Every structure is written in structure tokens, then in C-alpha cells.
Amino acid sequence: MAEVSDRPAARVICVDGSGRVLLMHWRDAVSGQALWEPPGGGIDPGETPLEAARRELAEETGLPGAAVLDRWLPVRRDFTWLGVRYVKTERFYLARFDRAPQVRPGRLTAEEDAAHLGSGWFLLEEMPGLPDAVDPPGLPEIVSRLTLLG
């Protein structure tokens, strides 16, 4: 049975002017499974969720954290990563870009660097055809709801 964690986290839905969404591609070293998900990660002590979202965006993509708007939706997640089961609600923030900027991970941890397979910008209708799972499973609906807010 995997350890269960509810560590707070924040993610960023980056949308370009053509409606494409940025997804990060990762491989879990424990399970061997790969997945696509929006950039984001854990909230550090003393950090607000918005500050964490902006920091994580800059670290994982090299994109400006200032692009993250203070608009978010709560998203319930239940997933396993590196042998740890995470059961929690994360804030998914919105960032908009006129064109899809080039992603250049800036400050990945050693663990992230080993797991990082790349990234890509995808239309919502392209997501079901990706070779690996998109997480969370309801991401297209989350993106649609979040973009209606902002």
C-alpha cells in the first residue's frame, strides 16, 4: 500500500491565442508510466498558492510567472507518483499567451530532470489522441471552465 500525501499544490493552465494548452510530459521512475499534465507542483511553506503557481511555471517551463492570473478552479486529484498516492484538491490557475512561447525548463530538481520527457502545446480535441495519459482525466472540461472565467 502506497503512502498517502495531501501536500498542497498548484497548477497552471497555459493557453495560447489559438486555444492550445501547454502540457508537460513526465515518466514516473517507479511505475514506468508516462503522463501529460499542466505545469505545477507543491506549495512551499510560507508561499501562497498563486506564488507557488508562478514559481512552478517559471521553474518547469522558463515562462514568466507573472503571466499567471489570479483566476483558479479547485480540482480534486487522486494519483500515484513515485510510489506515493496523492489525494487532494489543487488550484488550477490560468495563464494566457498570444502565441505559444518556447518552453525551456529553467530550474528542474534532479528528480524532475530525470522524469522530464518534454512538453507540447495541444488543442483540447488532440488530447485524447496523445500516446500517454492526460492527467487529470477531465482536463479538457477544466480548461473550458477556467477559460470561461478569464
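Keep in mind the model is a prediction, meaning the values are calculated, not measured. For the numbers below, each heavy atom of this structure counts, side chains included, while hydrogens, waters and symmetry mates do not.
Proximity of Gln33 to Arg27: side-chain heavy atoms (C-beta onward) are nowhere separated by under 4.5 Å. When side chains are defined from C-beta on, Val21 does not count as touching Leu123, because their heavy atoms never get closer than 4.5 Å. Taking 4.5 Å as the limit, every side-chain heavy atom of Thr48 sits out of range of all side-chain heavy atoms of Ile43. Contact of the Phe92 side chain with the Leu139 side chain is registered, since non-hydrogen atoms from C-beta on lie closer than 4.5 Å. Cys14 has its side chain within reach of Trp121: a pair of non-hydrogen atoms, C-beta onward, lies under 4.5 Å apart.
To the nearest 0.5 angstrom, Leu146 atom CG is 4.5 Å from Leu94 atom CG. The CD1 atom of Ile13 sits 15.0 Å away from atom CZ of Arg71, with the distance rounded to the nearest 0.5 Å. Here the CZ atom belonging to Arg11 is positioned 8.5 Å from the CG atom belonging to Asp135, to the nearest 0.5 angstrom. To the nearest 0.5 angstrom, Leu22 atom CG is 9.5 Å from Trp36 atom CH2.
Using a 4.0 Å cut-off between charged side-chain N and carboxylate O, Glu37 and Arg77 make a salt bridge. Salt bridge status for Arg54 with Glu56: absent, with no side-chain N to carboxylate O gap under 4.0 Å.
Looking at every heavy atom in both residues, Gly42 comes nearest to Arg55 through O-NH2, 2.9 Å. Across all non-hydrogen atoms, the minimal contact from Leu69 to Tyr93 is O-CD2, 3.3 Å.
Summarising the local packing, CG of Asp98 is surrounded by 12 or fewer heavy atoms from other residues, nucleotides or ligands at distances under 6.0 Å.
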